[in-house]
Amino acid sequence: MAGNTGGDMSVLPEDCVAKVLSFTDPGDAARLSMVSSTFKSAAESDTVWEQLLPPDYRSIIFQSSDSSLLASTSSKKELFLRLCDNPILIDDGKKSFSLDKLSGKKCYMLSARDLMIAWGDTPRYWKWTSELESRFAEVAELIGVCWLEIRGKIDTCMLSQDTLYGAYLVYRTTARTYGFEYQPVDVTVGLAGAEVCKRSFHLVAEREQQEKQLCQFLSSQVGLFRHSRASGSQSPAVPTGEKNNGQYPQKREDGWLEMELGQFFNKDGEEGELEMSIMEVKGGDCKGGLIVLGIEIRPKEDAYEKK
């Protein structure tokens with residue numbers, strides 16, 4: 001029958017569409033905004049983005065170093081995007097808070113100053129310095145230790161509920177990095193007092209590790225090479241290296257390295273402290289040359305990409 005609009009959602013009032021979109025996530029809201037002009041207008045409304053922001057976003061911002069953020073943004077969508085792209089400092093600058101752009105879930109980074117670092121206040125072993133690329137005032141630079149132990153914790157009530165999180169050590173190596181080429185570090189992630197996820201990985205990237213090994217090999221073989229050339233014997237072969245099945249870090253967009261320590265599902269109503277640790281105490285070798293930015297706790301992308 002002429003004039004039948006059954007099934008045509010574009011004829012719905014904008015406030016009704018906005019209400020529907022407020023029950024989606026940021027990614028779905030962006031996709032649905034392309035359905036029609038009504039949907040596009042509704043997807044820009046504060047009604048939608050107020051629901052996509054965490055319920056306690058105001059109290060978090062008021063506790064931050066950028067408490068004027070609420071007044072300086074013209075819409076809830078702008079505020080959401082600002083929190084995605086520009087983490088704010090909280091807890092006297094010891095933590096940063098941001099939002100995941102696809103899911104709207106909470107993300108935190110614990111600065112090096114917010115971590116428990118064994119011997120961290122002993123200048124002989126660790127040095128506190130500043131980095132232009134750091135969001136925090138200080139980073140921790142490892143001078144040299146035989147006992148490497150770094151621990152962090154965060155209250156689970158600060159995280160988004162019913163969300164799978166990953167914890168990541170964020171750091172970088174230097175030209176003076178040593179002692180991590182052959183000995184992996186042991187890491188754990190889990191609720192205090194409960195069973196934890198345990199892993200081992202190498203803090204030095206595989207390519208960097210192979211380059212150092214090659215340089216060491218060539219340096220040690222210079223004398224042998226010269227002798228073999230003078231005597232006419234065959235030159236020593238350069239090692240190709242065996243495939244290492246350990247885990248290695250990934251480079252982030254901000255230039256830092258990160259390594260996933262483990263995963264944690266934050267259940268609704270489950271309270272406690274999420275604890276993370278990084279240790280290397282078995283090898284007994286001295287190691288140094290790392291710069292630690294902190295530990296980041298953020299939602300796992302594959303957890304909502306597969307929804």
Side-chain angles (χ1 to χ4, degrees), residues 18-32 43 45-64 66 69-70 76-77 79-91 94-111 114-115 151-170 187-199 258 260-277 294-307:
K19 187 66 175 178
V20 172
L21 294 180
S22 68
F23 290 101
T24 65
D25 59 35
D28 288 336
R31 286 186 287 271
L32 289 170
S45 70
D46 281 353
T47 300
V48 172
W49 293 95
E50 177 74 28
Q51 294 299 314
L52 297 179
L53 287 162
D56 57 348
Y57 76 91
R58 292 179 181 272
S59 62
I60 295 174
I61 292 175
F62 284 137
Q63 298 170 25
S64 75
D66 193 7
L69 186 59
L70 288 172
K76 292 299 188 295
K77 181 179 181 180
L79 175 61
F80 179 93
L81 295 177
R82 285 272 295 274
L83 290 173
C84 291
D85 298 331
N86 300 286
I88 59 175
L89 298 182
I90 61 174
D91 193 14
K94 294 181 181 179
K95 294 183 180 71
S96 72
F97 168 79
S98 61
L99 295 178
D100 181 86
K101 188 172 289 187
L102 291 179
S103 66
K105 303 288 188 177
K106 298 176 181 178
C107 308
Y108 290 92
M109 184 182 286
L110 314 181
S111 72
D114 203 33
L115 304 176
R151 296 182 180 274
K153 60 183 179 180
I154 186 171
D155 198 315
T156 58
C157 70
M158 297 175 63
L159 306 175
S160 297
Q161 296 180 344
D162 290 329
T163 302
L164 178 63
Y165 276 94
Y168 305 82
L169 176 67
V170 184
V187 303
T188 62
V189 174
L191 277 179
E195 184 177 354
V196 297
C197 169
K198 297 181 179 180
R199 297 180 63 198
E258 71 173 25
E260 184 178 339
L261 306 178
Q263 302 178 9
F264 169 74
F265 187 78
N266 191 36
K267 297 179 182 178
D268 184 6
E270 186 175 40
E271 297 182 357
E273 282 189 322
L274 176 64
E275 296 185 335
M276 300 142 286
S277 71
I295 295 179
E296 186 171 52
I297 303 99
R298 66 173 189 261
K300 294 282 293 181
E301 291 185 4
D302 56 357
Y304 47 84
E305 283 181 348
K306 295 178 180 179
K307 287 195 307 180

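Hydrogens, waters and symmetry mates are skipped; everything else that's a heavy atom, side chains included, is used. This chain uses plain numbering: 1 for the first residue, then up along the sequence. Worth saying up front: this structure is predicted, and the values here are computed from it rather than measured.
- Within the 4.5 Å cutoff, no side-chain heavy atoms of Lys300 are placed close to those of Lys105.
- Side-chain N or O atoms of Asn266 include one that pairs as donor or acceptor with a backbone N or O of Ser160 at under 3.5 Å.
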Evaluate side chain to side chain contact (heavy atoms under 4.5 Å, CB included) for Met109 paired with Ile297, printing each intermediate quantity in order.
CA-CA 6 Å; Met109 184 182 286; Ile297 303 99; over 6 Å; no
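- Under a 3.5 Å cut-off, the side chain of Ser64 and the backbone N or O of Phe62 do not form any donor-acceptor pair.
- Judged by distance alone, the side chain of Asp268 and the main-chain N or O of Asp162 form no donor-acceptor pair under 3.5 Å.
- Rounding to the nearest 0.5 Å places CD1 of Ile60 at 10.5 Å from OG of Ser98.
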Which donor-acceptor pairs under 3.5 Å do the side chains of residues 79-90 make with protein atoms, sequence neighbours left out?
unit_1, atom_1, unit_2, atom_2, d
Asp85, OD1, Lys101, NZ, 2.9

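- There is a side-chain donor-acceptor pair under 3.5 Å between Asp100 and Ser103.
- At a threshold of 4.5 Å between non-hydrogen side-chain atoms, the residues Met158 and Lys95 count as touching.
- By the 4.5 Å heavy-atom criterion applied to side chains, Tyr168 and Arg298 are counted as neighbours.
- Not counting sequence neighbours, the partners of Tyr108 by the ring-ring contact (aromatic ring centres under 6.0 Å, His included) test are Phe97.
- Looking at heavy atoms from C-beta onward, Leu52 lies in side-chain contact with Trp49 at the 4.5 angstrom threshold.
- Taking all atoms of both residues into account, the shortest heavy-atom contact from Thr188 to Lys198 is CG2-CG, 3.8 Å.
- Using a 4.5 Å cut-off on side-chain heavy atoms (C-beta onward), Leu70 and Arg58 make contact.
- Atom OH of Tyr165 is separated from atom OG1 of Thr156 by 10.5 Å, given to the nearest 0.5 angstrom.
- With a 4.5 Å cut-off on side-chain heavy atoms, Leu53 and Lys76 count as touching.
- Considering only heavy atoms from C-beta on, Met276 stays 4.5 Å or farther from Arg151 through its side chain.
- Contact record, Arg199 with Leu261: CD-O, 3.5 Å, taken as the closest heavy-atom pair.
- Residues Leu159 and Lys106 have side chains not in contact (no heavy-atom distance under 4.5 Å, counting atoms from C-beta outward).
- Heavy-atom minimum distance, Gly152 versus Leu115: CA-CD2, 3.7 Å.
- Taking the charged nitrogens against the carboxylate oxygens, Lys77 and Glu50 have no contact shorter than 4.0 Å, which rules out a salt bridge.
- With values rounded to the nearest 0.5 angstrom, Leu110 atom CG is found 6.0 Å from Ile295 atom CD1.
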List the steps and the verdict of side chain to side chain contact (heavy atoms under 4.5 Å, CB included) for Phe265 and Gln263.
CA-CA 7 Å; Phe265 187 78; Gln263 302 178 9; over 6 Å; no
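- When the salt bridge (Lys or Arg N to Asp or Glu O under 4.0 Å) test is applied to Asp66, no partner is found at least two apart in sequence or on another chain.
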Report the C-alpha separation of Leu99 and Tyr57 in whole Å, then their side-chain angles, then the decisive distance to 0.1 Å, and conclude whether the side chain to side chain contact (heavy atoms under 4.5 Å, CB included) test is met.
CA-CA 10 Å; Leu99 295 178; Tyr57 76 91; over 6 Å; no
